[in-house]
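Since the structure comes first, as structure tokens, the remarks are kept for the end.
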Number of protein chains: 2
Amino acid sequence: MKNKSLVNMPCPVARSLEHVGEWWNILILREALLGVSRFDDFQNHLGIATSTLAKRLNALVESGLLARRQYCEKPPRDEYVITKKGLDFRPVLLTLMQWGNTYYADGEPMIQLVDTETNQAVDLMLVDRNTQVEIDPQRHQSQPRPAADDMIKARFEASSAAVAMPQQGPVDQYLKT
Amino acid sequence: MKNKSLVNMPCPVARSLEHVGEWWNILILREALLGVSRFDDFQNHLGIATSTLAKRLNALVESGLLARRQYCEKPPRDEYVITKKGLDFRPVLLTLMQWGNTYYADGEPMIQLVDTETNQAVDLMLVDRNTQVEIDPQRHQSQPRPAADDMIKARFEASSAAVAMPQQGPVDQYLKT
DNA sequence: CAGTATCCTGTCCGATACTG
DNA sequence: CAGTATCGGACAGGATACTG
């Protein structure tokens, strides 16, 4: 995306995308969450151009998702480690991974989240910490909060408050894959 | 991303990005999940160019995340409704939204997921459906499955099996924001 | 209202070459 | 090993104009 108009958008999704929206950022983050920290490792695992990698790495440090840390002084060498903010991004990656495994794994998934204590594959579920109830499109809906400006509120009144879910439910005709 | 090299990547994240990687796709999906279905509504809410919108909408239909449905015959009119595959993408959007609310809401978040039965803001938590245990980077780790090819397995043995999390934990120095 | 067609610009990204 | 510098191509996406 080139224009800055989205910066003005008071939507957390849009704002998040400002920082992790580009492909490589997400893939680099995935590697970092797997423990990769060296420039060369990122490069080899991802097959990314070095110039691009340097740029993305800088952007991620800038955004506070990674931190640069010198691990060697003699010849100054830096590595990139995940920050708390980056670690908090893990659930996004994991749900994305599960979605990808559901729809884009030919046959058996190749990579999967595993519970190291039981050695069982993990089946992710999103719940409300307050009620322990699984998130459900019917029950849990996006709403403007008090802090929202009139523009947002108007939007919700006009379009989605009454139709938080499509009236006739999702169409399955495209689901053969 | 212009090159097709990622298609070969046997990673569900990379594959997912093939289909939803571009900004607008995610934002359009967000709108669709809020119940928006008309071309004009997408356009007004997002401030996207019509030509771009048409292209993205077609791509999303192509990917099976949205379905085109004729809702009027006299002048043929189409609308775009979310499919099951698209609905399954909602957890990704929600975790992304929560992350954005955590780090990019100046003060109070403007939009939030609400439990319509209790009228309380939802606090998302990712758990393993099998054990009901919250996902934890230490306990729940990505691993190659039997279906994985040697390349993937080699990667895990070499780099991350032993260091699924950075040895010294996340660095917090950049967390002031 | 729901698009299509055309033009144009920004920039993401790869390739290549070079540095401490 | 960990980058920086430069060049060039592909393409996303905006602006505008036009159609049924």
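Chain letters run A, B, ... following the sequence lines, proteins first and then strands; every chain starts at 1.
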Inset, instruction - Could you tell me whether B:Arg38 sits above the aromatic face of B:Tyr71, with NZ or CZ closer than 6.0 angstrom to the six-membered ring centre and within 45 degrees of the axis? - result: yes
Inset, instruction - In whole angstrom, give the distance that lies between atom CD1 of A:Ile48 and atom P of C:dA15. - result: 11 Å
Inset, instruction - For B:Leu53, answer base if it contacts any base atom (sugar-phosphate contacts may also be present), sugar-phosphate if it contacts only those atoms, and nothing otherwise; contact means non-hydrogen atoms under 4.0 Å. - result: nothing
Legend entry - Any donor-acceptor N or O pair under 3.5 Å, side chains B:Arg69, B:Tyr80: no
Legend entry - Nucleotide C:dG3, atom P - distance to NZ of B:Lys55 in whole Å: 15 Å
Inset, instruction - Check every atom of C:dT16, C:dA15, C:dT4 against the side chain of A:Ala49 and return the nucleotide holding the closest atom. - result: C:dA15
Inset, instruction - Give the nucleotide from the list D:dG13, C:dA2, D:dA2 with an atom nearest to the side chain of B:Phe39. - result: C:dA2
Legend entry - Among C:dC13, D:dG13, C:dG3, the nucleotide that comes nearest once only the side chain of B:Trp24 is considered: D:dG13
Legend entry - Between C1' of D:dG3 and CD of A:Gln70, the distance in whole Å: 14 Å
Inset, instruction - May I ask you to say what B:Tyr80 touches in the nucleic acid, namely base, sugar-phosphate or nothing, with a heavy-atom cut-off under 4.0 Å? - result: sugar-phosphate
Legend entry - Side-chain N,O (A:Thr52) to OP1/OP2 (C:dG14) below 4.0 Å: yes
Inset, instruction - Would you kindly say whether A:Tyr103 and B:His19 are connected by a side-chain donor-acceptor distance under 3.5 Å? - result: no
Inset, instruction - In whole angstrom, give the distance that lies between atom CG of B:Asp78 and atom P of D:dG20. - result: 17 Å
Legend entry - Separation of C:dG3 C1' from B:Glu79 CD (nearest whole Å): 15 Å
Inset, instruction - Return the nearest nucleotide to the side chain of B:Trp23; candidates are D:dA2, D:dG13, C:dA2. - result: D:dG13
Inset, instruction - Report yes if at least one side-chain N or O of B:Arg38 is closer than 4.0 Å to OP1 or OP2 of C:dC1; otherwise report no. - result: no
Inset, instruction - To the nearest 0.5 angstrom, please state how far the OG1 atom of A:Thr95 sits from the CG atom of A:Leu113. - result: 11.0 Å
Legend entry - Gap between atom OH of A:Tyr104 and atom SG of B:Cys11 - 0.5 Å precision: 13.5 Å
Legend entry - Value in whole Å for how far the P atom of D:dG3 lies from CZ of A:Phe42: 10 Å
Legend entry - B:Asp40 CG to C:dA2 C1', straight-line distance once rounded to whole Å: 8 Å
Inset, instruction - Check whether any side-chain nitrogen or oxygen of B:Arg56 sits under 4.0 Å from OP1 or OP2 of D:dG13, and answer yes or no. - result: yes
Inset, instruction - Classify the side chain of B:Ser51 and the base of D:dT16 as holding, or not holding, a donor-acceptor pair under 3.5 Å. - result: no
Legend entry - Length of the CD-P vector between B:Glu22 and D:dG14, whole Å: 12 Å
